[in-house]
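Just so we're on the same page: letters track the sequence lines, and every chain starts at 1.
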Protein chains: 2
Amino acid sequence: MSLPSQDERISDDIGIRLRLVRQIFGLTQRELARRAGVTNGAISLIEQNRVSPSISSLKKILEGIPLSLADFFTLNFSPSDEVFFAADDLTEIAHQPEISMRLVGRRTKGRALGMLHEVYQPGADTGETMLRHEGEECGIVVSGCLTVTVGTQERTLRPGEAYYFRSDIPHRFRNQGTEPCVLISANAPPTF
Amino acid sequence: MSLPSQDERISDDIGIRLRLVRQIFGLTQRELARRAGVTNGAISLIEQNRVSPSISSLKKILEGIPLSLADFFTLNFSPSDEVFFAADDLTEIAHQPEISMRLVGRRTKGRALGMLHEVYQPGADTGETMLRHEGEECGIVVSGCLTVTVGTQERTLRPGEAYYFRSDIPHRFRNQGTEPCVLISANAPPTF
DNA sequence: AAGATTTGTTGAAAATCCTAAACGCACGGA
DNA sequence: TCCGTGCGTTTAGGATTTTCAACAAATCTT
């Protein structure tokens, strides 16, 4: 009967995980227990890794937060867990002098999303050999004009106008105007 | 990661899911039981949804496949298509009068990415009950000022400044300034 | 400073899960 | 046909989890 000294049967860090999540959302064991329809004692034992909850219990508890089982197990507290705020230190990743592409957030692996602050000087051109890569991308022109070619379609976008397409369709960006063009774009999964 | 609505439906039937996975990997209950170090009876009961396994059991069983808990609860596929160019006809999706959120691209299912052109009038606030959803999001302030609260951190961003964070951390946007704030944001997977 | 609340932690009993062993069924070979 | 093998299912009982209720510590209130 005695409590088995936490052998590997008790899954990893379910308890720690639950406690962390619960605290992040500012709930007490009792409050969460009330919402979930379980007892606070159960939550206490689980968080201490003294027991390994049944799926049904864990699911009930997570519904009180609420959080799906999938999200609970997928939640990654270490990698891209940080909050990013940037002033002028967006990292430059452009390859051409007349094009500036500055990345929002750190260039870490495992991101779901990439966002760029781009500036195309007059005459800037990503080239006749059209770009092609995996994923999808979109953007909004903030100032200036940008000529976007996607597959057989071409269009010159003005401030406030936008695009969205699959990145495996050959594409090209050009500034045929006389003033610099500012574009904010995003892609998923991130290319950079 | 998967969409919450789908998660709920899926995680309801752990049993069906386990049986499906087991069969996909061409294992019998007994063979899986042997590899996992549990009894075939347990697997049978679980697959029939006669019991709700403990996390430790389910984890042991999945290790026999092998498959991680996170992977077990997440199974998703989705394609996408079409080229999108928009002028002023970005679709409005905001629910508050003092906040405008206009979506780039069509509101189709299976997109990899969502991009919004947002305008926060002075005083606009997404609310004290912080927002929280799956995925990651980022944005750049184009004009005006925006106060962004993420978890315990808060910061007021000015034009050119940006943020990036995991969307499951409670967050809130407010315009505490005197002029409208224009923000371009992106999220993956798309919330809208 | 004492009392009232709120917090997380326990112990024993009730509820639920897991194991061991047996059961029924289907298939194949001698 | 009879036997052996392999499949998923079932049952009884031991093992584990969950509840219920009480507990100590910390924080507020008065």
Side-chain angles (χ1 to χ4, degrees), chain A residues 1-69 72-73 75 77, chain B residues 10-69 72-73 128-129 151-152 170:
Chain A
M1 201 270 154
S2 62
L3 291 171
S5 55
Q6 277 72 331
D7 48 31
E8 76 252 46
R9 312 179 59 175
I10 292 179
S11 323
D12 293 358
D13 50 348
I14 298 295
I16 315 247
R17 234 162 212 265
L18 179 58
R19 173 158 294 175
L20 215 50
V21 170
R22 175 175 63 78
Q23 288 173 341
I24 284 177
F25 293 105
L27 297 171
T28 66
Q29 290 182 345
R30 280 188 157 83
E31 172 60 16
L32 177 54
R34 192 190 60 73
R35 296 195 196 185
V38 301
T39 59
N40 61 306
I43 294 180
S44 177
L45 293 173
I46 293 169
E47 291 189 351
Q48 293 171 278
N49 271 343
R50 304 261 302 267
V51 299
S52 176
S54 70
I55 294 289
S56 54
S57 304
L58 183 60
K59 181 156 182 279
K60 269 206 293 187
I61 292 170
L62 292 179
E63 280 169 355
I65 289 185
L67 194 69
S68 75
L69 279 166
F72 178 74
F73 287 109
L75 263 190
F77 295 102
Chain B
I10 289 169
S11 43
D12 269 342
D13 250 344
I14 301 293
I16 310 272
R17 219 176 155 92
L18 177 57
R19 174 159 292 175
L20 210 56
V21 171
R22 174 177 63 80
Q23 290 173 339
I24 286 175
F25 283 86
L27 297 171
T28 68
Q29 290 182 345
R30 281 187 157 84
E31 173 58 16
L32 177 53
R34 192 191 60 74
R35 296 197 197 184
V38 300
T39 60
N40 61 308
I43 294 180
S44 177
L45 292 173
I46 294 168
E47 291 190 351
Q48 293 171 276
N49 273 339
R50 303 260 300 266
V51 300
S52 177
S54 70
I55 294 291
S56 54
S57 303
L58 182 60
K59 181 152 183 281
K60 271 206 292 186
I61 293 171
L62 292 179
E63 280 169 355
I65 289 185
L67 195 68
S68 76
L69 278 166
F72 178 73
F73 286 106
E128 207 159 346
T129 31
T152 56

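Of the candidates dT19(C), dT19(D), dT9(D), the closest approach to any side-chain atom of Leu45(A) belongs to dT19(D). Out of dT18(D), dT9(C), dT9(D), the shortest distance to the side chain of Gln48(A) is found at dT9(C). Comparing atom distances between the Ser44(A) side chain and each of dT10(C), dC18(C), dT18(D) picks out dT10(C) as nearest. Taking only side-chain atoms of Thr28(B), from C-beta outward, the nucleotide of dC7(D), dT7(C), dC18(C) with the closest atom is dC7(D). Of the candidate nucleotides dC23(D), dT19(C), dT18(D), dC23(D) has the atom nearest to the side chain of Arg30(A).
For Asn40(A) against dT9(C), a side-chain N or O and a base N or O form a donor-acceptor pair under 3.5 Å.
Between the NZ atom of Lys59(B) and the C1' atom of dC17(C) there is a distance of 19 Å, rounded to whole Å. Going from atom CZ of Arg50(A) over to atom P of dT16(D) covers 14 Å, rounded to whole Å.
A sub-4.0 Å separation between OP1 or OP2 of dT9(C) and a side-chain N or O of Gln29(A) is present. Phosphate proximity of dT16(C) to Ser52(B): absent, as no side-chain N or O sits under 4.0 Å from OP1 or OP2.
Salt bridge annotation for Glu31(B)-Arg34(B): present, with a cationic side-chain nitrogen under 4.0 angstrom from a carboxylate oxygen.
Residues Asp13(A) and Leu20(A) have side chains not in contact (no heavy-atom distance under 4.5 Å, counting atoms from C-beta outward).
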